[in-house]
There are 2 protein chains.
Amino acid sequence: MKKYELVADKIKAYITKNKLHHGDKLPTITELMKEYQVGKSTILQAITLLTQRGIVYKVQGSGVFVRPTGRDGYMSLTDNAGFAHVLKDPTTEVIEFAEKRPPKPLSEYLHSDEVCYFIKRLRRQEGKPFVLEESYYPKRIIPFMSKEIAEGSIFDYIKDGLKKEIRFSDKYMRVRKLRADEARYLELEEGDPCLEVYDTFYLANGTPFDSSKLVYNYQNSKFYDQSSDDII
Amino acid sequence: MKKYELVADKIKAYITKNKLHHGDKLPTITELMKEYQVGKSTILQAITLLTQRGIVYKVQGSGVFVRPTGRDGYMSLTDNAGFAHVLKDPTTEVIEFAEKRPPKPLSEYLHSDEVCYFIKRLRRQEGKPFVLEESYYPKRIIPFMSKEIAEGSIFDYIKDGLKKEIRFSDKYMRVRKLRADEARYLELEEGDPCLEVYDTFYLANGTPFDSSKLVYNYQNSKFYDQSSDDII
DNA sequence: TAGTGGTCTAGACCACGGG
DNA sequence: CCGTGGTCTAGACCACTAG
C-alpha cells in the first residue's frame, strides 16, 4: 500500500474519531508532516485523495476543512468501484448468460464488435428491483466468465480474481419512458420514467473491457455526485 | 496563469494539432520537461488536469495516452462551470425574481434558511426548453442580483463580476414524473419522465452560495460523465 | 533490461486569509 | 504581518511495461 494512501486513511480515521463535521479544520500540513513523518507532497497526495472522494476541501492561506457528508440511500454515479459495496442486502438474478457480439451502440462504445460474454441481470436491493443491466465483456480481455460469477460482483471478480485494475469510465445518460418488457422486470408500468445509462469501463492500460446498458427503476434508485475542482 | 495550466493548454493544443485519437501516445514526461522547460511535477500537474477533464490517461511503464472523445450534444453532469458554454443558442426566461427564505430541503442543503434571492428560470436550447430551475442565493453572500443578470449566466457574474471562485458541489438526483405545472413550462405532459437534481454549490472558502432544484426535460437533455481514478 | 511513469523527499519561494 | 496552503525545482529511487 502506498504511503499517501496510508496517510489518507489515517486522516480519515482522525476525522471520524474526532467527529469532525462540515467546516471543521484539520491540522495544518506542517503538523501532519510531523505527525505522520512524511514529506509535504505525500501529505498533499493524501489530501488530494480525500478531496477527490468528497471528504475535505482546501482553502489557500487558511486550512483544510471537512465537507458536508453525503446522504444515505444515494448511489454514486461516478465512482468506478461498482456499487455492490454500498447496497443494503443486494441480490442479483441472471436473466441471460450467453456469448454474442454487441449490437450498436454498445459496439461503438467498445470500439469493437468482437465476441463477448453477454450478461443480462436484474439487481435488487432489499428485494426491490433497482436496475436492469445488459453487459458485454470481450472474451479476448475477460477470458473466463460464468453464471455463478455473474450472480455476484463481476467487478470484484475482475479486480481480485483476474488482478486487473479498473481505471476510468465513460457514461452517457438520459431519461426516458420504460418499454413493456423492461417494466415487467422492474415491476413498474410501461411508460413509467427511467434513467438509461450507457457505461463503458476501461482497464489501467486503456482497454475497454465492459460496455453496458443500465436501466434504473425510478422508485428504487437515487444518485449523488460530490465533485471538486482541485489539483494537488 | 499558473505554469501547469499553461503547459496543460499547450499539451491539449498539441493533441488537437496532431489530431491524436483514442490510444495515441503523447511524448514522454522527460521529453515534455525538455520541450516546455519545466520540472517533472509541473508536467505531472498539467497531465493531472487533463486527466481530470477526461482527455488523457497514464499507464505506468508505458506512457500517457489520449482518451476517447466525448459525444456531441451531451451535457456534463459534474463540471462546476455551469453549462452555458457548451449549449447551442441558449436563452433564458426569468419566470420569477424575488427575495425569500428557502423551503426544505433546499434550506438543509444550504445549511441555513436566511433570506435569499429566489430565481425561477426556464432555460432553452435552440428554442426548446431543457431545464426548469429554482435557485436560492443567500443575500449575505451574493450581495447584489438582478433580473437582467439572471437572464444571462449567473455563474459568470459570480466568477467575473463578484470575483468569487466556485470550488465544489453536491448533487442529489432522481428520476420521477412531472407535475402538471412543471410539464406546462417544459412543454411536456403531466406524468412524463424527468430528472430532478438538487444542486448545492460552494465557494473556494467552503461557503454554500447556491442551492437549486433543477427539473430536466427528458427529450431535450442528455448527460455524460468521464471519470478517472487518478492521483498525480 | 532499458525506458517510462510513480513515489517520495527537502527546500525555496509565492499567494492568499485573517488577525 | 504571520501562518497557511500553492507552485515549482532537482533529484533519488521504485514499479511496471514491453521488446
Side-chain angles (χ1 to χ4, degrees), chain A residues 1-11 23-52 56-67 141 163-165 167-168 202-207 228-232, chain B residues 1-11 23-52 56-67 141 163-165 167-168 202-207 228-232:
Chain A
M1 201 169 190
K2 288 151 199 166
K3 219 165 182 174
Y4 66 78
E5 291 176 331
L6 282 170
V7 172
D9 286 351
K10 285 178 185 171
I11 295 174
D24 291 344
K25 190 173 181 296
L26 261 57
T28 68
I29 289 184
T30 318
E31 285 166 350
L32 293 168
M33 284 167 66
K34 281 183 197 155
E35 172 70 21
Y36 300 121
Q37 288 297 307
V38 297
K40 185 172 178 175
S41 71
T42 304
I43 295 292
L44 289 175
Q45 286 181 76
I47 290 174
T48 297
L49 247 185
L50 297 174
T51 302
Q52 289 178 356
V56 302
Y57 59 95
K58 293 176 283 184
V59 182
Q60 175 166 140
S62 179
V64 180
F65 301 86
V66 176
R67 266 185 82 154
I141 297 156
K163 302 285 182 210
K164 291 182 185 289
E165 194 191 340
R167 188 59 150 278
F168 55 94
Y202 300 77
L203 299 175
N205 66 4
T207 314
S228 184
D229 290 356
D230 209 27
I231 297 288
I232 252 198
Chain B
M1 203 171 187
K2 288 153 200 167
K3 220 166 183 173
Y4 67 78
E5 290 176 332
L6 282 170
V7 172
D9 286 350
K10 285 178 184 170
I11 295 174
D24 290 344
K25 190 173 181 297
L26 261 56
T28 67
I29 289 183
T30 319
E31 285 166 351
L32 293 169
M33 283 168 65
K34 281 181 195 156
E35 172 70 20
Y36 300 122
Q37 289 297 306
V38 296
K40 184 173 179 177
S41 70
T42 304
I43 295 291
L44 289 175
Q45 286 181 75
I47 290 176
T48 298
L49 247 185
L50 297 174
T51 303
Q52 290 179 356
V56 302
Y57 59 94
K58 293 175 283 182
V59 182
Q60 176 164 145
S62 178
V64 180
F65 302 86
V66 176
R67 268 183 80 151
I141 296 155
K163 303 285 182 211
K164 291 182 186 289
E165 194 192 339
R167 189 59 150 277
F168 56 93
Y202 300 76
L203 299 175
N205 66 7
T207 315
S228 182
D229 290 355
D230 209 27
I231 296 288
I232 255 201

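Proteins get letters first, then strands, A, B, ... in listed order; numbering begins at 1 in each. This one's a predicted model, so the numbers in the text were calculated from it and none came from an experiment.
If you check dT9(C), dG5(D), dG5(C) against the side chain of Val64(A), the one that comes closest is dG5(D). Among the nucleotides dT7(D), dT7(C), dA15(D), the one closest to the side chain of Gln60(B) is dA15(D). Nearest to the side-chain atoms of Thr28(A) among the listed nucleotides dT4(C), dG5(D), dC8(C) stands dG5(D). The nucleotide whose nearest atom lies closest to any side-chain atom of Ser62(B) is, among dA18(D), dC8(C), dT9(D), dA18(D). The side chain of Lys40(B) lies closest to dT7(C) when the candidates are dC8(D), dG5(D), dT7(C). Closest to the side chain of Lys58(A), out of dC8(D), dC8(C), dG6(D), is dG6(D).
In this structure, Lys25(B) places its NZ atom where more than 12 heavy-atom neighbours from other residues, nucleotides or ligands lie under 6.0 Å away.
Between Ile43(A) and Pro27(B), it is Pro27(B) whose nearest contact on DNA chain C lies nearer the 5' terminus. Each of Glu5(A) and Leu26(B) was assigned the nucleotide of DNA chain C with the nearest heavy atom; the assignment lying further toward the 5' end belongs to Leu26(B).
Taking atom CE on Met33(A) and atom C1' on dG3(D), their separation rounds to 15 Å, with Å as the unit. Rounded to an integer number of Å, the gap from Tyr36(A) OH to dT9(C) P is 14 Å. With rounding to whole Å, Asn205(B) atom CG is found 14 Å from dG5(D) atom C1'. Nucleotide dT9(D) holds its P atom 13 Å from the CG atom of Leu32(B), rounded to whole Å. Put simply, CZ on Phe65(B) is 8 Å from P on dA18(D), counting in whole angstrom units. Summarising the geometry, the separation between CD on Glu31(A) and C1' on dT4(D) is reported as 11 Å, rounded to the nearest angstrom. In this structure, Leu44(B) atom CG and dT7(C) atom C1' are separated by 10 Å, rounded to whole Å. Following rounding to the nearest Å, Ile29(B) (CD1) and dA10(D) (C1') show an atom-to-atom distance of 15 Å.
Under the 3.5 Å distance criterion, the side-chain polar atoms of Arg167(B) are left unmatched by any main-chain donor or acceptor of Asp230(A).
Heavy atoms only, all atoms of each residue included: Lys58(A) and Ile232(A) are closest at NZ-C, 3.4 Å.
Listed pair Lys3(A) / dC8(C) fails the phosphate criterion, with no side-chain N or O lying under 4.0 Å from OP1 or OP2. Distances shorter than 4.0 Å separate none of the side-chain N or O atoms of Thr30(A) from OP1 or OP2 on dG3(D). Contact annotation: Tyr4(B) reaches the phosphate of dT7(D) (side-chain N/O to OP1 or OP2, under 4.0 Å).
Ring pair Phe168(A)/Tyr202(A) is parallel by interplanar angle, where below 30° counts as parallel and above 60° as perpendicular.
The CD atom of Gln52(B) lies 4.0 Å from the CD1 atom of Ile231(A); values are rounded to the nearest 0.5 Å. Here Ile43(B) contributes atom CD1 and Glu31(B) contributes atom CD; the two are 11.0 Å apart, rounded to the nearest 0.5 Å.
Within 4.0 Å (heavy atoms only), Ile232(B) reaches sugar-phosphate atoms of the nucleic acid but no base atom. Contact annotation for Gly61(A): base contact, defined as any heavy-atom pair under 4.0 Å involving a base atom.
Checking dA2(C) for Watson-Crick or G-U wobble geometry (two distances, each under 3.5 Å) identifies dT17(D) as its partner.
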